[in-house]
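Have a look at the structure below before the remarks.
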Amino acid sequence: MSTEENPAAAPRSLAEALRGRDDVSLAALLRSRPDLITPVPTDLTQLATRAGTRASVIRALERLDRFTLQTAQALAIASDPATYDELLGLMAGDDGDPAVSAALPHALGTLRAQALVWGGDDRLRLVRTARELLAPSPQHPSPTGLGPTVREAGAGISPGRIQEILATAGLPSTHDSVSALNALAGLFDDPEQMSALLDQAPSESVEVLERLVWGPPYGQVTADPAPRLRWLLDRGLLLPTAPGTVVLPREVALRLRAGRAHRTTEPVPPPVAAAAAHRPQLVDATAAGQAYTALATVEELLKDWHEGGPAVLRAGGLSVRDLKRTAVALDVPEPVAAFWVELAYAAGLLASDGEADERYAATPAYDEWRERPAGERWARLVTAWLAATRTPGLVGERDAKDRTLSALGPGLDRSAAPEVRHRVLALLAGLPEGAAPDAGSLLARLRWEQPPRADRTGGGAPSPYARRTSAQPAEGTRGVAARAGGPGAPGYPADGASGEGGEDDLRSRLARWTLAEAEMLGVTGRGALSSHGRALIGAPPAPRHADTRTEPAGPGDKLPVHHRQTPVPPALSPAEQATAAAAAGRLLDPLLPEPLDHVLLQADLTAVAPGPLERPLADMLGVLADVESKGGATVYRFTPASVRRALDAGQSAADLHAFLTAHSRTPVPQPLAYLIDDVARRHGHLRVGAASSYVRCDDDAVLNEILADKRAAGLGLRRLAPTVLAARTDPAALLEGLRAMGFAPAAESAEGDVLIARADAYRTPPRTPPEPVPDGPPVPDDTLLAAAIRTVRAGDLASTAPRRPVAGAADTAPGELPRTTAAETLAGLQAAVLTNDTLWIGYVNAEGGASQRVIAPIRVEGGFVTAYDHTADEVRTYPLHRITGVAELGE
């Protein structure tokens, strides 16, 4: 039975409307607006109150799509309550729009589900706070561009002037101003009378109305208005609101707009067009190559910081100079270097060491990560990227205090980043396999799904208000001009403002960064989502074609066929995301190149690795040679310094010859063999120890040569014996000084043994990855939702149960805890045990939280009452001193 047939069934408040919902509907509300259960409300009345607070309503409005927001804006200028037909007229206009008619029930259902609208179709009510935010006012013009109603605008006009307007408009006079304004509003609402009135208007007056009809509705007039303005003022088509200011009444504007509240409605989301189509195999191969490069880049970054990376700035983060050095080492631009640094940090592979002289270095997790298969290593990186709120694209910009934002520094968190990344990838998944999106259409779709706030800084298409403000009055309309007004209702875009140019719109920038970062990580290839990228977000397989032609399937349906066939995958929970990432890594593994166990040695003291090398080979070759160039094939160069580095690491000449012979597909060139033997022959001929340090050598002529060399003056050397020199410098400095002079000394221990001078890997203490900064309270899981709904239902049962107070107890207002004395409480509980009655009690727990409960007492003893708690559906024991009062339930 509808509310029209049974008016008593219509809810009288939002709380009553919520009380009529089932648990599934309440769970959907709390899942979409998690701030409503932080903390869990005591009953549905408190839930409704919280749902109407300004902060919660703003958050809910910000997450509406453009058409649903337009529906809320239309309800804000409709009558309160409004009917569905009135709302449909405001959205579709007098002529009707089939696309709007088809989309409006879903939009209204969304507003109802979000508890922004309540009531049946015959009595639609927008939550009061939402109406205050979206309704027109002089300070905040409506996003629809409409002004106040005739009744609102004419409230300050003198009764005599109102009667003059009625007479001029051809209406009979009335006995009071209220009825006069009602008659004038009725005239403007009547299509036939309004058309007849406008047919009499001079063309110049009509031109003035056309300039104000789509907003802003305010204009300025002189003390002696021109005849075209006087004609409008005399008939109430323009009403004065302040000295020198007039407004176009809402009823007039709607009649001139053919009943439309918005210039343009957007009931259907704009399609994401494909800019190019590639073979899926080519996309996967390209993405796999990018994924391999990503793994190699992160490994190279952390290898470069192997012995301790750059210092941490006092304010936190990486200095500009260190970022430049890192970019040079990785051979990438600085913004790209910032991305790789932030990615390693988000994945927990990089952190600061926390020492007094704080520096960045790899974490112990990096060593574990290096040993994992390539697919698992890639999965860890992309999982961290998807969830990270830190935004590397902001590096180099300035914050609100005009401080430069640095990589790894504070101020880079943007809570919208994870949601935008997932949304962009989800939209890519809606395209045919191998199709790369058109960036403009992708951004337009994102702006439709969550319109940018009007007060966001940056370029873009100005709103109609901005255009109206900047427009010059047309010739012949001197005396009325658009009034400089605000950009729209607080925080919401004016009607028609698409927010293009959102280069400075954060969501648009995040989307562009997502496209670039996904390509660098190998989630996409040639701009199209790869098969492992599709698995990463849990998307179903796409149709294997790239036909992006549009095929209308109904009124207003302009989406490509594949948009209706391929559902957009929902956001995944952390556990589901980890599972999806693991599956994506397994799909990627076969596409990555197999590690090689050989190199090609060349006569010019270089070695060519024609692909990725196995880890032991790569590690050893990284010590024995220097990387000269990178790419599809890596070129290593052997130098005396690199060979000495391998000897310092504990290798012998025989070991190096055997290593090269075993791993080279070509014979070991003679120049390389001579280089190794020559360096090894001289290596360890000198011995350096700690005296503070000393040099010893069996050949005293070599020591004489060192003493005679002017370059040794800074080492503070002196002869202790024919074969021993002492030095004032420490052993490390002495080693470096002698090597700079062309010698090849070796370090020795206190026992005289040669020390292996392998570069030790510096690691930070165990560090956890940075936690993402959430955008408001986290979405509750099913367990928490079930518990919250049960608590709210129980509290609502206790607060709404019919009751009568215990004799002599103070009267209790509805919803308040009962108050009785200790003696009355004890007597009431004992009587209920004897009569098996059910009581309503007020209870305060140990934390001071007050609640209401409906219980059936079983026994009272020892200062406690044991009872069956109907609100909790279990037997519980309550201390008597925490019960504030009792009341008997009514019949």
Side-chain angles (χ1 to χ4, degrees), residues 65-66 266 268-291 339 382 385-386 393 416-452 460-461 498-503 505-551 557-571 584:
D65 62 60
R66 188 179 297 279
E266 300 182 54
V268 178
V272 179
H278 309 284
R279 289 185 301 106
Q281 296 83 356
L282 178 61
V283 170
D284 289 348
T286 304
Q290 291 294 112
F339 167 71
V382 294
W385 170 69
L386 280 174
E419 186 267 333
V420 173
R421 290 192 192 107
H422 180 273
R423 195 71 197 119
V424 169
L425 297 182
L427 291 174
L428 295 186
L431 292 171
E433 196 169 7
D438 173 68
S441 65
L442 179 67
L443 296 180
R445 175 62 171 267
L446 291 175
R447 286 191 292 267
W448 185 92
E449 292 179 346
Q450 189 169 333
S498 61
E500 291 105 28
E503 289 297 329
D505 166 22
L506 179 60
R507 285 180 61 86
S508 295
R509 300 177 70 194
L510 287 171
R512 292 184 184 277
W513 292 332
T514 297
L515 293 174
E517 293 166 2
E519 190 75 14
M520 288 191 291
L521 284 170
V523 177
T524 60
R526 295 179 178 262
L529 193 64
S530 62
S531 58
H532 50 274
R534 202 173 291 275
L536 178 66
I537 59 172
R544 298 185 69 87
H545 61 82
D547 183 9
T548 59
R549 295 171 298 177
T550 58
E551 180 182 308
D557 184 2
K558 300 296 182 183
L559 289 179
V561 175
H562 62 263
H563 280 285
R564 299 192 305 275
Q565 295 176 342
T566 306
V568 175

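All residue numbers refer to positions in the sequence shown, counting from 1.
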Only pairs at least two apart or in different chains count here, so list each ring pair (Phe, Tyr, Trp, His ring centres under 6.0 Å) that has a residue in residues 426-450. none
Within residues 506-526 or reaching into it, pairs that qualify as ring pair (Phe, Tyr, Trp, His ring centres under 6.0 Å) - sequence neighbours excluded: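 The answer is none; no pair qualifies.
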Residues two or more places apart in sequence or in another chain: which of them pass side chain to side chain contact (heavy atoms under 4.5 Å, CB included) with Ala518?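 Once residues adjacent in sequence are excluded, the partners of Ala518 under the side chain to side chain contact (heavy atoms under 4.5 Å, CB included) criterion are Trp385, Leu425, Val523, Thr524.
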Listed partners of Ala584 passing side chain to side chain contact (heavy atoms under 4.5 Å, CB included), at least two apart: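 Ala584: side chain to side chain contact (heavy atoms under 4.5 Å, CB included) contacts with Trp378, His532, Ala535, Leu536.
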Interatomic spacing from [atom1] in [X] to [atom2] in [Y] - rounded to 0.5 Å:
| X | Y | atom1 | atom2 | value |
| --- | --- | --- | --- | --- |
| Glu266 | Asp65 | CD | CG | 10.0 Å |
| His422 | Thr514 | NE2 | OG1 | 12.0 Å |
| His278 | Thr286 | NE2 | OG1 | 8.0 Å |
| Ser530 | Glu433 | OG | CD | 9.5 Å |

Give the minimum heavy-atom separation between [X] and [Y], together with the two atoms involved.
| X | Y | answer |
| --- | --- | --- |
| Gly434 | Val283 | CA-CG2, 4.0 Å |
| Pro270 | Ala444 | CG-O, 3.7 Å |
| Arg534 | Leu431 | NH2-O, 4.0 Å |
| Gly527 | Pro437 | O-CD, 3.2 Å |

Set of residues satisfying salt bridge (charged side-chain N to carboxylate O under 4.0 Å, His left out) with respect to Glu419, sequence neighbours excluded: Arg507
Check: [X] side chain, [Y] main-chain N or O, donor-acceptor pair, under 3.5 Å:
| X | Y | value |
| --- | --- | --- |
| Glu519 | Arg526 | yes |
| Asp284 | Ser531 | yes |
| Arg445 | Pro269 | no |

Begin with the C-alpha distance, continue with both residues' side-chain angles, and end with the deciding distance and a verdict on side-chain contact (heavy atoms from CB on, under 4.5 Å) for Leu446 and Leu427. CA-CA 9 Å; Leu446 291 175; Leu427 291 174; 3.8 Å; yes
Quick one, Leu515 with Leu428, criterion side-chain contact (heavy atoms from CB on, under 4.5 Å). Give me CA distance, side-chain angles, the key distance, then yes/no. CA-CA 10 Å; Leu515 293 174; Leu428 295 186; 4.2 Å; yes
Could you give me the CA-CA distance, side-chain angles and deciding distance for Arg421 and Glu517, then say whether side-chain contact (heavy atoms from CB on, under 4.5 Å) is met? CA-CA 10 Å; Arg421 290 192 192 107; Glu517 293 166 2; 4.0 Å; yes
